[in-house]
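All residue numbers in this chain count up from 1 along the given sequence.
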Amino acid sequence: MPSQDEQMIWDELHDFPEQVLAREKNEKILASIREERRKMRNQHKKRKYFGWMANGLVTCAVILALFWMKPFALPAETSGSASFVDPTYEAAAQKAIKATGITKEFHFEETEKATEYFIVRTKNREAIVTFKPDTTEVNTVSAIVASSELPDRYRKYTETARAAFLEAKQDAHFDDVHLFQDDEGTTLSYEKGSGESGNLQFVRVDLKTNKITDFRIQYKPEDVDQKVMSAAQQAFTILSNGKSASFTEARKSDDKKEDIWELTNKQERYSAQVGARSGKVYHVGYGTDYQIKSIQEVVAVANPLVQSIFGLDISGYKAYGGKDWGGYVLKQQGKPDVTVNIGSLDRGNISGISVKW
């Protein structure tokens, strides 16, 4: 088992924008886990975890992840699962769903027991209720319904989500709405499109404040701020050694620090991410001819590119990872982390660079 430092680096490498798993699924999982880790730090609780399957305070993040990866492997710590649901828990789960105002009938067919929670869920993961161990005290409630099945009591939150899509000049019809409730409150995620096809869009609204806490919305490239577009085009031109960029798709999403524009050309397989407020380049991706043969030469090869694209000198950074990991994480205390994606493991060619400002 890797050390804690090694595991943190492994997690960062899995956070590369060009990962094998569908990006929408991974981003949902990672955003949830990051939030739970923040809570752990704030509460000064030390708990061990391995990879993305974790227990303790990250349980909620794992439960959320169940909806974005179907089917989904449950945490390694689970002590057993069953397709029969005890009538007591069936009734408790139904009662928890009804308490949210959702009248849709869900057929709970599966359970999962672990040391810190007990799950009751439907086979398709459209409804999941978790309980505290050996009790029927509800821990979390999660349900996915069609937008037409959402109770009228949530109408004002729906209007908040609609306004965000109308601002992007989009039709504000939603395919599904995902309700998630825990001891901190309730959120509604209004979704359209599909993660499987790579065009999932959503707006998450917090019911306490009726404010958007997370989103991912598509725009037409011509509606993107020209300063942002210019920064993305310049970054691509540098990485591609002189080619001009023509981005065909644009998406805007929340990244806690600031909103991020993601510009892509899927046909030509290149992309860039730029901060909406700061104008800083966060990522640029393209299959280049710049090759890294060993970890010892990562900094030397990447530094000229990083300086030109991001304005950051990484000459004093230390490299971690390797071609077999799919890339490198470059670190120096007090400075932003840099990640370098590798395209072909045989060639070691750079396929993307990111900075965590």
Side-chain angles (χ1 to χ4, degrees), residues 24-25 27-29 31-32 34-36 38-39 60-61 63-68 92-106 121-122 124-130 138-195 199-220 223 250-262 276-277:
E24 287 78 10
K25 295 179 180 179
E27 287 168 352
K28 294 278 188 178
I29 297 168
S32 299
R34 288 192 193 104
E35 180 62 17
E36 294 306 318
R38 181 189 66 78
K39 293 176 185 177
C60 291
I63 300 305
L64 283 174
L66 291 172
F67 294 99
W68 309 112
Q94 295 286 5
K95 182 179 179 180
I97 295 289
K98 300 299 183 188
T100 68
I102 293 176
T103 59
K104 179 179 179 178
E105 292 291 333
F106 292 100
R121 63 174 180 259
T122 61
N124 59 9
R125 272 65 168 176
E126 284 189 347
I128 297 179
V129 180
T130 68
V138 175
N139 191 19
T140 63
V141 178
S142 190
I144 299 175
V145 297
S147 57
S148 60
E149 296 171 320
L150 195 67
D152 287 342
R153 67 200 257 187
Y154 297 121
R155 183 174 298 173
K156 68 177 182 179
Y157 309 109
T158 302
E159 292 306 313
T160 298
R162 282 173 53 84
F165 278 93
L166 291 173
E167 183 181 345
K169 302 178 182 179
Q170 283 203 47
D171 170 41
H173 170 75
F174 306 109
D175 298 324
D176 297 306
V177 183
H178 176 198
L179 180 146
F180 181 79
Q181 186 176 85
D182 61 10
D183 57 3
E184 293 189 356
T186 306
T187 61
L188 290 170
S189 295
Y190 296 83
E191 305 167 0
K192 58 189 299 185
S194 167
N199 64 349
L200 175 69
Q201 300 181 77
F202 73 94
V203 170
R204 184 169 302 143
V205 181
D206 177 23
L207 270 59
K208 287 182 181 177
T209 62
N210 194 18
K211 293 185 181 297
I212 295 173
T213 58
D214 197 6
F215 69 93
R216 186 179 182 84
I217 302 177
Q218 293 179 353
Y219 284 74
K220 294 179 180 178
D223 292 330
R251 285 188 289 195
K252 196 177 185 181
S253 60
D254 174 59
D255 194 44
K256 307 308 176 187
K257 288 185 178 180
E258 64 174 324
D259 295 346
I260 301 294
W261 283 104
E262 179 186 355
R277 175 180 49 79

* Structure fact -> Correct closest heavy-atom pair for L200 and E191 would be CD1-CB, 4.3 Å
* Reported OG1-to-CG distance for the pair T187 and D214, which is rounded to 0.5 angstrom -> 9.5 Å
* Backbone N/O of Q218 and side chain of Q201: donor-acceptor pair under 3.5 Å -> yes
* Should the pair K98-E105 be classified as a salt bridge under the 4.0 Å nitrogen-to-oxygen rule? -> yes
* Nearest heavy atoms of S147 and F174, plus distance in Å -> OG-O, 2.9 Å
* **Interatomic spacing from CD in Q170 to CZ in R162 - rounded to 0.5 Å** => 12.5 Å
* Can you tell me if T122 uses its side chain to pair, donor with acceptor, with the backbone of A127 under 3.5 Å? -> yes
* To do: Kindly say whether E184 contributes a backbone atom to a donor-acceptor pair with the side chain of K208 at under 3.5 angstrom?
  => yes
* **R204 side, atom CZ; D254 side, atom CG - distance, nearest 0.5 Å** => 9.5 Å
* Asked: Rounded to the nearest 0.5 Å, what separation is found between the OH atom of Y219 and the NZ atom of K252?
  -> 5.0 Å
* Does any non-hydrogen side-chain atom of F165 lie less than 4.5 Å from one of K192? -> yes
* Go through the steps for Y157 and Y190 under the test ring pair (Phe, Tyr, Trp, His ring centres under 6.0 Å), then give the verdict. => CA-CA 10 Å; Y157 309 109; Y190 296 83; 8.5 Å; no
* **K256 versus T213, closest heavy-atom pair with distance** => NZ-O, 3.8 Å
* For T160 and K156, indicate whether the former's side chain and the latter's backbone hold a donor-acceptor pair under 3.5 Å. => yes
* **T130 (side chain) donor-acceptor with T140 (main chain) under 3.5 angstrom** => yes
* So with a 6.0 Å cut-off around CZ of R153, is the heavy-atom count from everything else above 12? -> yes
* **Note, F180 side chain near I128 side chain (heavy atom, < 4.5 Å)** => no
* **side chain to side chain contact (heavy atoms under 4.5 Å, CB included) evaluation trace for F106 with V145** => CA-CA 10 Å; F106 292 100; V145 297; 4.0 Å; yes
* So, for A276 and E258, which heavy atoms are closest and what is the spacing to 0.1 Å? -> N-OE1, 3.6 Å
* Can you tell me if NZ on K95 sees more than 12 non-hydrogen neighbours from other groups inside 6.0 Å? -> no
* Asked: Closest approach of A164 and I212, non-hydrogen atoms and distance?
  -> CB-CD1, 3.7 Å
* Report yes if the side chains of N139 and D182 come closer than 4.5 Å at any heavy-atom pair, otherwise no. => no
* **Approximate separation, where rounding is to 0.5 Å, of K169 NZ and I217 CD1** => 14.0 Å
* Asked: Under 3.5 Å, is there a donor-acceptor pair between the side chain of E149 and the main chain of D176?
  -> no
* Charged N to carboxylate O below 4.0 Å: is that the case for R216 and E262? -> yes
* **Separation of H173 NE2 from S148 OG (nearest 0.5 Å)** => 8.0 Å
* Below 4.5 Å, heavy atoms only, C-beta onward: do T100 and V141 meet side chain to side chain? -> yes
* Check whether any side-chain heavy atom of D206 sits under 4.5 Å from a side-chain heavy atom of K211, and report yes or no. => no
* Close side-chain approach of L179 and Y154, heavy atoms under 4.5 Å -> yes
* Taking all heavy atoms of A96 and all of V138, pick out the closest pair and write down the distance. => CB-CG2, 3.9 Å
